[in-house]
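Below is one structure, written out as structure tokens; the observations come after it.
All residue numbers refer to positions in the sequence shown, counting from 1. Not measured: the values here are computed from a predicted model.
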Amino acid sequence: MPQAIMSSTSTVTIFTNARIFQNIETSSEAKFADTLLVQDGKILHVGSADDPEIQSCRDKGSEVKDLARKHVLPGFIDAHMHFLLLGQSLNKVQLDGSKNLTDIRARITLYAKAHPEKERILCSGWMHSMTNGEAKASMLDDLDPRPIYIDSKDLHSCWCNSAALKEMGVQEMEDPAGGTIERDSNGRASGLLSEACILLIVWPYLAQVLPLEDKMSALRAAIKAYHAVGCTGCIDMAMDENAWEAILALREAEGGSLPLRVAAHWCINPGDGEEHRLRQVKRAIELNKQFNNDTSPDLRIVGIKIICDGVIDACTAALAEPYTSNGHFEGPIWTPEMLDPVVKTASDAGLQCALHAIGDQAVHNAVNVLKKHGNPGQRHRIEHLELTAPEDARRLGELGIIASIQPVHADPAILRAWPKLLGPDRLKRAFAYADFADHGAHLAIGSDSPTAPYAPLPYLYVATTRKSARQPKVDDAPVNANFKLELVQAVAAATSGAAYSCFADQRVGSLEVGKMADFIVVDMDWEGEELLKASVVQTYFEGRKVYEA
């Protein structure tokens, strides 16, 4: 391994008596060093405490940090998240874990009484199953006169009271392309907005009425929360003008840099037709020219994001065969004909395409269009891949398509409706992570926050055991344990794999000489079954401690 040249004028810090994770994506067995040298925010040396380089630094009086045999991992890079939405969600009414409508109403009422100063009541974490699939404004209207917005856990729906529908002007709107405004028998909006309505109606409206300072505060909260769980970087998977403005404003306010490395994919909406879609791609191309690895390596627009289908629980994921429970079949939000010119234009311009595809039909369409217009060097990616046919799982590796996966969604505690929706045979192909890896696909692990908990250690537990991190004491059978990952694979996918997935692997993602000193100290046993007991003790960004438990 090449050694960096030590400057005689800058301080060197020795981190020693540790188990320093040395694997990159392609490694199979865990490898560890015991000592790390950091200088000027970069890694100077990795090796043994007996190495001459270490002894030389000791002789010169360098600061020594004894880590008491704790594990040192590269800083986690959340490979799929929503930066501004995560920050905003930290101050919303949390409905996660509610059992029914009574629970939901009680939580909203409690929050409303405690926060009379709020102009709106914003909530998150609702699942359709909590309210037996119903989401009517009338179920909320008596709670408070202020507008109430309830994000579904998957961010594909928003349940509103009448005041929220009124202030957005929904009653006068037609369904946007790719979206549905649920209506009553008289044709009036009844409370639920789904799919493209979120991107085209709800988020733009809230972006307009919420002050910029509130958004910057939300981003600060997200950064602080990420440091506490060991994240030093992230990939935003639905960037838009609203969030981008807030991030740039925060970076300027913080003196030109942020203590979190951000890559982003510009969200392309179905829009009014091909011309409108291509205008959005043009905007992403313009931003990529301004914010890329050369000009702005820690805040970049790397590509586009297309939400090809919905989610299985709401029966909006595009499946090759109908849902078992009710025969309902949803076609993709983006048809192959819609995808083709957008992916071609982005790919020809050197942008990376990230295609949200959950159902097996959506995955098949995504692989086809990336095969047609991409090449392995562009590192195109498919997000989620929750249900895949064997032949498409094989093609990921063949075509150099990155498998961007979120093990948090494979938690058995939230999949209890899947057997009824899919049937036992299709369920056997759910979350086929090991199959992707066995066929040579690069894996990148993320959280999809705030649709799900963002702490990496619990979702790495799910990835390596296929057991529930949400309800570990409940005797849920592991879901497709044959597809679980080895701990080395999972940690690499959340670090070096995530870095590779956004072209940051030359700077971060692994603890190698010359790379940025982004790392975490973890109190853990090296065993997937023990990850729920593990905890992040310290987080370092460019060699500077940004979190301590």
Side-chain angles (χ1 to χ4, degrees), residues 13 15-23 30 32-34 36 38 41 43 65-81 83 86-87 90 220-235 258-262 406-408 411 444-450 452-465 469-470 472 487-499 508-511 515-549:
T13 304
F15 296 87
T16 191
N17 191 25
R19 289 175 57 78
I20 301 166
F21 185 68
Q22 287 293 278
N23 294 71
F32 299 96
D34 64 28
L36 182 75
V38 174
I43 296 171
K65 293 183 181 291
D66 188 319
L67 299 182
R69 301 301 295 164
K70 291 182 174 61
H71 285 80
V72 174
L73 309 179
F76 292 120
I77 301 168
D78 192 335
H80 182 123
M81 56 82 71
F83 192 12
L86 169 61
L90 298 174
R220 288 189 182 98
I223 292 172
K224 183 178 179 180
Y226 262 152
H227 287 167
V229 297
C231 288
T232 55
C234 65
I235 304 173
L258 298 174
L260 189 78
R261 306 189 198 281
V262 181
Q406 299 76 43
V408 68
D411 192 304
I445 284 182
S447 71
D448 202 11
S449 67
Y454 54 85
L457 292 172
Y459 61 67
L460 294 183
Y461 169 84
V462 177
T464 55
T465 67
R470 293 170 180 263
L487 184 53
V488 168
Q489 288 179 296
V491 172
T495 54
S496 58
V508 295
S510 57
L511 301 177
K515 291 191 175 182
M516 307 307 296
D518 297 354
F519 62 91
I520 59 176
V521 181
V522 186
D523 189 357
M524 65 180 292
D525 292 326
W526 191 261
E527 174 62 48
E529 293 280 354
E530 301 297 318
L531 283 176
L532 294 185
K533 301 174 185 176
S535 61
V536 175
V537 178
Q538 296 173 332
T539 300
Y540 288 83
F541 183 85
E542 293 187 8
R544 176 173 60 91
K545 185 165 61 179
V546 292
Y547 169 78
E548 181 156 21

Indicate the atoms forming the closest heavy-atom contact of A498 with A444, along with that distance. CA-CB, 4.1 Å
Heavy-atom distance under 4.5 Å between the side chains of L460 and P407, does that happen here? no
With side chains defined as the heavy atoms from C-beta onward, is the minimum distance between I223 and F83 less than 4.5 Å? yes
Which label fits F15 and F519: parallel for a plane angle under 30°, tilted from 30 to 60°, or perpendicular past 60°? perpendicular
For the residue pair Y459 and P453, establish whether any side-chain heavy-atom pair is separated by less than 4.5 Å. no
Tell me the closest heavy-atom pair linking E542 and D518, and the distance in Å. N-OD1, 2.9 Å
Can you confirm whether the side chains of S510 and K515 place a donor and an acceptor under 3.5 Å from each other? yes
Can you list the steps and then say if F76 with V229 is a side chain to side chain contact (heavy atoms under 4.5 Å, CB included)? CA-CA 9 Å; F76 292 120; V229 297; over 6 Å; no
What is the ring orientation for H227 with F541, classed by angle as parallel under 30°, tilted 30 to 60°, or perpendicular over 60°? tilted
Apply side chain to side chain contact (heavy atoms under 4.5 Å, CB included) to residues D525 and H71 and explain how you reach the verdict. CA-CA 8 Å; D525 292 326; H71 285 80; over 6 Å; no
Nearest 0.5 angstrom please: Q538 CD to K70 NZ, how far? 8.5 Å
Roughly how far, to the nearest 0.5 Å, is the CD1 atom of I20 from the CG atom of L511? 7.5 Å
Could I get the full list of side chain to side chain contact (heavy atoms under 4.5 Å, CB included) partners for E529, not counting sequence neighbours? Y461, T465, K467, E527
Side-chain contact test, heavy atoms from C-beta onward, threshold under 4.5 Å: evaluate it for K65 versus T13 and give yes or no. yes
Residue pair Y226 / D78, side-chain donor-acceptor N/O under 3.5 Å: yes
Roughly how far, to the nearest 0.5 Å, is the NZ atom of K224 from the CG atom of L260? 15.0 Å
Would you call V462 and V408 a side-chain contact if the rule is heavy atoms closer than 4.5 Å? no
Is V491 close to N23 at the side-chain level, that is, under 4.5 Å between some pair of heavy atoms? no
Using a 4.5 Å cut-off on heavy atoms from C-beta on, say whether the side chain of K545 contacts that of T539. no
Any sub-3.5 Å donor-acceptor pair from D411's side-chain atoms to A469's backbone N or O? yes
Inter-residue atom distance S449.OG - M81.CE, 0.5 Å rounding: 4.5 Å
Pairwise side-chain contact, V72 with L67, heavy-atom cut-off 4.5 Å (strictly under): yes
Working for side chain to side chain contact (heavy atoms under 4.5 Å, CB included), residues L531 and L487: CA-CA 10 Å; L531 283 176; L487 184 53; 3.8 Å; yes
